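The structure appears right after this line, and notes come after that.
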Amino acid sequence: DTWNNRRRAIARRYSEEITNPLICKPITGKGNTHVFYVYVITTENRNGLRKYLEENDIKTGVYFPVPFHKQRLFEGKYDNKEELNNAEYVADHSLAIPMFPELTDEEIGCVINMINGWDGK
């Protein structure tokens, strides 16, 4: 519970303080609770953001590089790929930013400032 509460606090801070219009943040539905094992954002230029953050000593991850319908297990099961545009988009544009309970407030602020300072290139 302590770790999950800390993750939620970090996620709340990310959600409130990341203001870069090039970034889309996760949304938790009303009445729902999220553990935020990862905090995944999306942006049109994921690789550019990832490189920028790496150059500023901020590690990121790509947790969903291949949409399910393109994995071998599901090969040939989805004929109408137009219905899977969101899965394709997330695979190509999502990026996990640092999320672990031991992040300090200073480190969280650094991640936020770096993302807010990114110009999209």
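Predicted, not measured: the structure shown is a model, and the values here were computed from it.
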Quiz item: Do L84 and K70 come within less than 4.5 Å of each other through their side chains, counting heavy atoms only?
Solution: no

Exercise. Can you see which heavy atom on D92 is nearest to which on R46, and at what distance?
Key: O-CZ, 3.4 Å

Practice problem: Look at atom CZ of F74 and say whether more than 12 heavy atoms of other residues, nucleotides or ligands are closer to it than 6.0 Å. | Solution: yes

Practice problem: Determine whether I23 and V62 fall in the same hydrophobic cluster, where Ile, Leu, Val, Met, Phe, Trp and Tyr are linked whenever their side-chain heavy atoms lie under 4.5 Å apart. | Solution: yes

Quiz prompt | Worked check of side chain to side chain contact (heavy atoms under 4.5 Å, CB included) between T28 and F36 | solution = CA-CA 10 Å; T28 302; F36 286 103; 3.7 Å; yes

Practice problem: Would you check if the side chain of N56 reaches a backbone N or O of M114 as a donor-acceptor pair within less than 3.5 Å? | Solution: no

Quiz item: R8 and N5: side-chain donor and acceptor closer than 3.5 Å?
Solution: yes

Quiz item: Looking at A87 and P67, what are the two nearest heavy atoms and their distance?
Solution: O-CB, 3.8 Å

Self-check item: Rounded distance (nearest 0.5 Å) linking atom CG of N20 with atom NZ of K25
Solution: 9.5 Å

Quiz item: Does the side chain of E88 reach to within under 4.5 Å of the side chain of H69, using non-hydrogen atoms?
Solution: yes

Quiz item: Which atoms form the tightest heavy-atom contact between E54 and K59, and what is the distance?
Solution: OE2-NZ, 3.1 Å

Quiz prompt | Whether over 12 other heavy atoms sit under 6.0 Å from Y89 OH | solution = yes

Exercise. Considering only NZ, NE, NH1 and NH2 on the basic side and carboxylate oxygens on the acidic side, decide whether R6 and E102 come within less than 4.0 Å.
Key: no

Self-check item: L95/T42 under side chain to side chain contact (heavy atoms under 4.5 Å, CB included): CA gap, chis, key distance, verdict
Solution: CA-CA 6 Å; L95 184 66; T42 58; over 6 Å; no

Quiz item: If you round to the nearest 0.5 Å, how far is NE2 of H93 from CD1 of I41?
Solution: 12.5 Å

Quiz item: Mind checking what makes side chain to side chain contact (heavy atoms under 4.5 Å, CB included) contact with Y14, not counting sequence neighbours?
Solution: I10, I18, Y39, I97, P98, M99, L103, I108, V111, I112

Quiz item: For the side chain of E17 and the backbone of G109, is there at least one donor-acceptor N/O pair under 3.5 Å apart?
Solution: no

Quiz prompt | Minimum-distance pair of heavy atoms, taken over all atoms of S15 and P26 | solution = OG-O, 4.4 Å

Quiz item: Taking the side chain from N116 and the backbone from T19, do they hold a donor-acceptor pair closer than 3.5 Å?
Solution: yes

Self-check item: Shortest non-hydrogen contact between T60 and L53, atoms and distance
Solution: CG2-CD1, 3.6 Å

Quiz item: Should we count OH of Y37 as having more than 12 external heavy atoms under 6.0 Å?
Solution: no

Exercise. Would you indicate whether the side-chain heavy atoms of C110 and I58 approach each other to under 4.5 Å?
Key: yes

Quiz prompt | Minimal non-hydrogen separation, T43 against L49, with atom names | solution = CG2-CD2, 4.0 Å

